[in-house]
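No hydrogens, no waters, no symmetry mates; every other heavy atom, side chains included, goes into these values. Just so it is clear, the model here is predicted, and its values are computed rather than measured. We number each residue from 1, following the sequence as shown.
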Amino acid sequence: MIGLLLLWICTLIVNSLTHPAVIIPQDPTLTIGSSLTASCSVDQDLNLKVEDLSWTFNGRRLPAELYRILNSTSLSVVLNNLNGSKQQSGDNLVCHGKDGRILAGSCLYVGLPPEKPTNITCWSKNMKDLTCKWVPGSEGETFLHTNYTLKYKLRWYGRDNTCLEYHTMGPYSCHIPKDLALFTPYEIWVEASNRLGSTTSDIITLDILDVVTTDPPSDVHVSRVGDLEDQLSVRWSSPPALKDFLFQDKYQIRYRVEDSTEWKVVDDVGNQTSCRLAGLKPGTVYFVQVRCNPFGIYGSKKAGIWSDWSNPTAASTPRSERITGVCDPKSGEQNSTLRRELKQFFGWVKKHAYGCSNLSIKLYDQWRVWLQKSHKTRNQVGSTR
């Protein structure tokens with residue numbers, strides 16, 4: 001008993017030495033627009049004059065007009081129409097002595113209750129897991145730290161489950177790595193809470209089979225098509241992770257010139273694992289990427305979710321072999337009509353051969369080979385003259 005009494009006395013002595021003053025209220029939480037009256041009470045044994053006390057708020061000294069002497073050891077300050085906290089760790093209200101020494105401090109948390117999270121979207125990588133993202137409420141998140149909890153359960157039975165792996169795909173995301181059921185819908189929602197309250201998102205319902213995505217296509221190869229100077233062939237492999245499941249797949253290709261950031265997308269690839277890009281620039285390096293959309297898994301009616309793009313694969317088209325600076329005026333005059341007709345034909349075929357369409361591609365190839373041979377023959381004749 002005597003030992004406990006001595007411990008209590010020692011605690012009082014230490015507190016009086018380490019905390020020469022106390023601010024009341026300590027670390028309050030307030031809504032934006034609120035007013036606060038705080039008081040700083042100093043220890044009588046320190047012989048501090050209340051007239052020598054002052055206040056700072058986030059490092060800025062508050063004017064004396066806001067002070068009021070309560071008694072010989074207490075000074076109050078009034079803060080009106082408070083704005084949201086400048087940092088989520090709280091705003092600093094500090095009581096100082098005559099020499100500027102810090103006597104006591106209090107953190108003010110000023111903000112708004114959380115808003116309802118929205119736009120919950122989820123996807124499953126190869127039907128093995130589930131990742132969800134959401135959009136937070138704007139105002140509530142800005143000033144006060146907000147905690148988010150993603151919860152899920154089987155729609156017709158089962159208990160609530162809490163997702164544990166947060167921030168895997170950004171600040172507002174959570175990953176459920178295993179133990180998920182197929183052919184049974186889930187209910188999923190997000191709870192948000194901060195110092196001023198809590199709220200819950202709308203509940204979404206989904207079946208894992210309806211939100212499946214997969215890895216990007218592997219073994220992407222890009223190569224030339226013989227001597228055709230405006231074409232490249234693209235080949236790839238279907239996603240191996242889904243090879244044992246009943247599903248359909250479709251693909252997209254995008255490509256860009258080496259020194260450009262603008263991608264062109266080919267949408268009409270379908271479910272084939274090869275494609276010929278036509279209408280390209282001769283002697284140019286292209287970067288090509290492919291992505292996959294698995295859909296119709298076990299009869300699912302949903303559209304499916306696109307995978308990430310594969311790593312870029314580079315290849316160049318052949319350079320044009322036409323010899324510049326050589327002309328044949330007489331031949332040009334005789335064949336101007338033919339060249340004009342060929343130019344029109346080339347434009348028509350090029351238009352129809354864009355992307356991966358197989359329409360007239362064989363005719364296009366034959367015509368391009370013939371045209372290049374014609375140029376070679378004409379240029380060789382011209383160079384011997």
Side-chain angles (χ1 to χ4, degrees), residues 27 29-33 83-91 107-155 158-182 184-216 241 289 291-295 297 300 302-310:
D27 302 341
T29 301
L30 307 162
T31 58
I32 292 176
N83 295 319
S85 295
K86 293 184 177 181
Q87 55 263 342
Q88 292 187 347
S89 57
D91 294 324
C107 287
L108 274 59
Y109 299 94
V110 185
L112 295 170
E115 295 180 358
K116 183 169 68 174
T118 60
N119 295 341
I120 301 175
T121 56
C122 303
W123 63 94
S124 175
K125 192 72 167 289
N126 301 319
M127 296 186 292
K128 296 179 180 179
D129 63 0
L130 189 68
T131 300
C132 295
K133 298 177 68 175
W134 59 89
V135 176
S138 56
E139 293 294 334
E141 178 70 17
T142 302
F143 306 108
L144 299 176
H145 174 70
T146 302
N147 293 309
Y148 293 94
T149 303
L150 185 137
K151 292 189 175 182
Y152 62 101
K153 72 171 185 176
L154 293 171
R155 184 176 185 182
R159 59 180 177 82
D160 293 359
N161 298 280
T162 300
C163 183
L164 300 177
E165 298 182 9
Y166 289 88
H167 314 302
T168 55
M169 294 294 293
Y172 308 108
S173 65
C174 196
H175 177 238
I176 305 169
K178 58 182 180 179
D179 299 331
L180 293 165
L182 302 179
T184 303
Y186 278 93
E187 292 183 347
I188 299 174
W189 66 96
V190 177
E191 298 176 353
S193 63
N194 66 16
R195 290 173 171 267
L196 288 172
S198 61
T199 187
T200 302
S201 71
D202 294 335
I203 296 175
I204 68 167
T205 302
L206 61 83
D207 192 312
I208 300 297
L209 298 178
D210 293 336
V211 293
V212 177
T213 187
T214 188
D215 303 299
Q289 292 179 293
R291 66 177 181 174
C292 175
N293 183 336
F295 67 99
I297 297 179
S300 171
K302 300 297 182 179
I305 298 175
W306 287 103
S307 72
D308 294 332
W309 290 101
S310 63

What is the minimum heavy-atom distance between T199 and P117, and which atoms define it? CG2-CD, 4.1 Å
Would you compute the distance between atom CG of N194 and atom OG1 of T146 and round it to the nearest 0.5 angstrom? 4.5 Å
For the pair Q289 (side chain) and S310 (backbone), establish whether a donor and an acceptor sit closer than 3.5 Å, ignoring hydrogens and angles. yes
Parallel, tilted or perpendicular, judged at 30° and 60°: which one describes the rings of W134 and Y148? tilted
Is there a side-chain contact between R195 and F143 in this structure, where contact means two heavy atoms from C-beta onward sitting under 4.5 Å apart? no
Taking all heavy atoms of S193 and all of P114, pick out the closest pair and write down the distance. CA-CG, 4.0 Å
Passes side-chain contact (heavy atoms from CB on, under 4.5 Å), L112 versus L144? Steps please. CA-CA 7 Å; L112 295 170; L144 299 176; over 6 Å; no
Could you tell me if the side chain of I120 sits less than 4.5 Å from the side chain of S201, heavy atoms only? yes
Just verifying a value: how many Å separate D207 CG and T184 OG1, rounded to the nearest 0.5 Å? 7.0 Å
So NZ of K153 and CD1 of I203: to nearest 0.5 Å the spacing works out to 7.0 Å
State, yes or no, whether a side-chain contact exists between D129 and S124 at a heavy-atom distance under 4.5 Å. yes
Just how far is it from atom OG1 of T205 to atom CZ of R155, taken to the nearest 0.5 Å? 4.5 Å
Which heavy atom of S173 sits nearest a heavy atom of T168, and at what distance? OG-N, 3.3 Å
Can you confirm whether K133 sits close enough to N119 that some side-chain heavy atom of one is under 4.5 Å from a side-chain heavy atom of the other? no
Worked verdict on V211 versus I305 for side-chain contact (heavy atoms from CB on, under 4.5 Å): CA-CA 6 Å; V211 293; I305 298 175; 4.0 Å; yes
Check whether any side-chain heavy atom of L130 lies under 4.5 Å from a side-chain heavy atom of Y186, and answer yes or no. no
SG of C174 to SG of C132, below 2.5 Å? no
Donor-acceptor pair, S85 side chain versus G90 backbone, under 3.5 Å? no
With rounding to the nearest 0.5 angstrom, report the CG to CG distance, L154 to N161. 7.5 Å
Return the OH to OG1 distance between Y152 and T162, rounded to the nearest 0.5 Å. 8.0 Å
Verdict with supporting geometry, N147 and Y166, side-chain contact (heavy atoms from CB on, under 4.5 Å): CA-CA 11 Å; N147 293 309; Y166 289 88; over 6 Å; no
Side chain proximity check, K125 to T213, heavy atoms < 4.5 angstrom: yes
Would you call D308 and R291 a side-chain contact if the rule is heavy atoms closer than 4.5 Å? no
Looking only at non-hydrogen atoms, find the nearest pair between T214 and C292 and report the distance. CG2-SG, 4.1 Å
Salt bridge present between K116 and D202 (N-O < 4.0 angstrom): yes
Heavy-atom side-chain contact between L150 and I188 under 4.5 Å: yes
Under 3.5 Å, is there a donor-acceptor pair between the side chain of D27 and the main chain of C107? yes
